[in-house]
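Contents: one structure, followed by commentary.
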Amino acid sequence: MARKTKQEAAATRQQIIDAARAVFAERGVSQTSLEQIAAEAGLTRGAIYWHFTNKTELFYALRDQATLPLLDRIDATLSGREDIDPLTGIELVLLEILRVVEEDEATRQTFDIMTLKCEYAGDFREVLAQIMKPGNEFTRKLEESYREAKAAAILREGLKPSLLALDTYTFITGLLRLWFSDTEETGMRPHARALIRAHLESRRK
């Protein structure tokens, strides 16, 4: 019985997260209340508070469900592949991020919310620093790969791995922002993969 109760609690928590994602995507984070999330989930506001202290904590849970599995994929590609060179590994990572955004609706909605539908001001100002943590970790992994590329003599001369890592992180976050904005699929989206390949090719010796 206790096990069933634990499973039910987990299902309710996920129900709340799914409802928050839907309402955030429609209204934006700042314009969404816990009452609206509760209504979308078919629950009471008290049920929301049983699982989450406030909207910020709920937002973090939403973010983690999208970013943590993606970080695992990134780590596996950058660290666990001996059959590809480091620059190819980075290219595959960026292509994988794009693939997940295209094919997984929950991840796509979450990244869209984080990118275009969240105002990082007021109570949400501290959220921005938390949002940056996965990005900082990703940048660190990119720098390691660029250092490996330099050691393997496949990186163009004069390029600094630390700056390349920041540049690539800036590139992919900017590309995703434009990708989400291109709802008619007439600008960025048709060329996203070619841009990723060109980005890495410009670094190769």
Side-chain angles (χ1 to χ4, degrees), residues 5-77 93-142 169-170 172-183 188-189 192:
T5 301
K6 191 173 182 179
Q7 290 173 339
E8 288 176 344
T12 300
R13 187 178 189 275
Q14 187 60 51
Q15 186 179 345
I16 294 167
I17 292 172
D18 292 341
R21 186 186 301 110
V23 183
F24 287 161
E26 181 182 352
R27 300 176 61 88
V29 177
S30 64
Q31 298 300 313
T32 296
S33 67
L34 290 179
E35 289 86 353
Q36 290 163 339
I37 294 171
E40 176 71 21
L43 300 167
T44 65
R45 181 170 172 171
I48 304 286
Y49 279 123
W50 178 261
H51 293 274
F52 301 99
T53 305
N54 50 37
K55 188 167 66 172
T56 301
E57 188 176 309
L58 178 49
F59 182 84
Y60 286 150
L62 186 75
R63 175 207 63 180
D64 288 348
Q65 282 199 350
T67 59
L68 295 183
L70 197 53
L71 285 172
D72 286 342
R73 288 192 183 97
I74 288 169
D75 191 54
T77 302
V93 161
L94 301 188
L95 290 171
E96 175 66 5
I97 292 171
L98 183 62
R99 185 196 68 78
V100 171
V101 166
E102 287 177 335
E103 297 180 6
D104 188 277
E105 183 178 1
T107 300
R108 181 170 62 253
Q109 274 194 324
T110 301
F111 274 72
D112 186 31
I113 291 163
M114 291 165 58
T115 303
L116 299 178
K117 296 177 180 176
C118 184
E119 201 174 296
Y120 298 104
D123 293 342
F124 257 64
R125 187 171 298 172
E126 66 181 53
V127 171
L128 187 58
Q130 293 295 323
I131 288 291
M132 289 299 294
K133 286 184 178 180
N136 293 338
E137 178 63 15
F138 181 32
T139 303
R140 187 188 65 77
K141 293 179 184 297
L142 288 171
Y169 179 66
T170 302
I172 191 61
T173 53
L175 184 145
L176 288 175
R177 177 176 287 274
L178 292 172
W179 190 94
F180 284 120
S181 300
D182 184 25
T183 55
M188 171 60 68
R189 294 192 186 190

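All residue numbers in this chain count up from 1 along the given sequence. Because the structure is a prediction, the values reported are computed rather than measured.
Minimum heavy-atom separation, Gln109 to Ala25: NE2-CB, 3.9 Å. Of all heavy-atom pairs spanning Arg177 and Thr115, the tightest one is NH2-O, 3.1 Å. The two residues Glu40 and Ala19 have their closest heavy-atom pair at CG-CB, 3.6 Å. In plain terms, the two heavy atoms of Lys117 and Asp112 that are nearest each other are NZ-OD2, 3.2 Å. For the residue pair Ala61 and Arg13, the shortest heavy atom distance occurs at CB-NH2, 3.8 Å. Taking every heavy atom of both residues into account, Leu178 and Met188 meet most closely at CD1-CE, 3.4 Å.
Scanning for salt bridge (Lys or Arg N to Asp or Glu O under 4.0 Å) contacts around Glu26 gives an empty result, with sequence neighbours left out. In terms of the side-chain contact (heavy atoms from CB on, under 4.5 Å) criterion, residue partners of Ser33 (sequence neighbours excluded) are, by chain and number, Glu35, Gln36. With sequence neighbours excluded, no residue satisfies side chain to side chain donor-acceptor pair (under 3.5 Å) with Tyr60. Checked against salt bridge (Lys or Arg N to Asp or Glu O under 4.0 Å), Glu102 has the following partners two or more places apart in sequence or in another chain: Arg193. With sequence neighbours excluded, no residue forms a ring pair (Phe, Tyr, Trp, His ring centres under 6.0 Å) with Phe111. Taking the side chain to side chain donor-acceptor pair (under 3.5 Å) definition, one finds that Arg140 meets it with Glu137, Glu144, sequence neighbours left out.
Considering CD1 of Ile37 and NZ of Lys55, their distance stands at 7.0 Å, rounded to 0.5 Å. Between Leu70 atom CG and Ile74 atom CD1 the span is 4.5 Å, to the nearest 0.5 Å. Atom OG1 of Thr77 is separated from atom CD of Glu96 by 6.5 Å, given to the nearest 0.5 angstrom. To the nearest 0.5 Å, the span separating CZ on Arg99 from CG on Leu94 amounts to 14.0 Å. We find the CD1-OG1 distance between Ile172 and Thr139 to be 12.0 Å, quoted to the nearest 0.5 Å. Rounding to the nearest 0.5 Å places CE of Met114 at 8.5 Å from CG of Leu62.
Residues Trp50 and Thr12 form no side-chain contact, since every pair of their non-hydrogen atoms from C-beta on lies 4.5 Å or further apart.
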Derivation and outcome, side-chain contact (heavy atoms from CB on, under 4.5 Å), residues Thr110 and Gln65:
CA-CA 9 Å; Thr110 301; Gln65 282 199 350; over 6 Å; no
I'd like to know whether Leu34 forms a side-chain contact (heavy atoms from CB on, under 4.5 Å) with Phe52, so could you lay out the CA-CA distance, the side-chain angles of the two residues, the decisive distance to 0.1 Å, and finally the verdict.
CA-CA 10 Å; Leu34 290 179; Phe52 301 99; over 6 Å; no
Assess the residue pair Val100 and Arg73 against the criterion (side-chain contact (heavy atoms from CB on, under 4.5 Å)); give the C-alpha distance rounded to whole Å, side-chain angles, the decisive distance to 0.1 Å, and a yes or no.
CA-CA 10 Å; Val100 171; Arg73 288 192 183 97; 3.8 Å; yes
side-chain contact (heavy atoms from CB on, under 4.5 Å) evaluation trace for Ile97 with Leu176:
CA-CA 9 Å; Ile97 292 171; Leu176 288 175; 4.0 Å; yes
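Sparse packing is recorded around CD of Glu105, with 12 or fewer heavy atoms of other residues, nucleotides or ligands lying under 6.0 Å away. Shown here is Gln14, whose CD atom has more than 12 heavy atoms of other residues, nucleotides or ligands within 6.0 Å.
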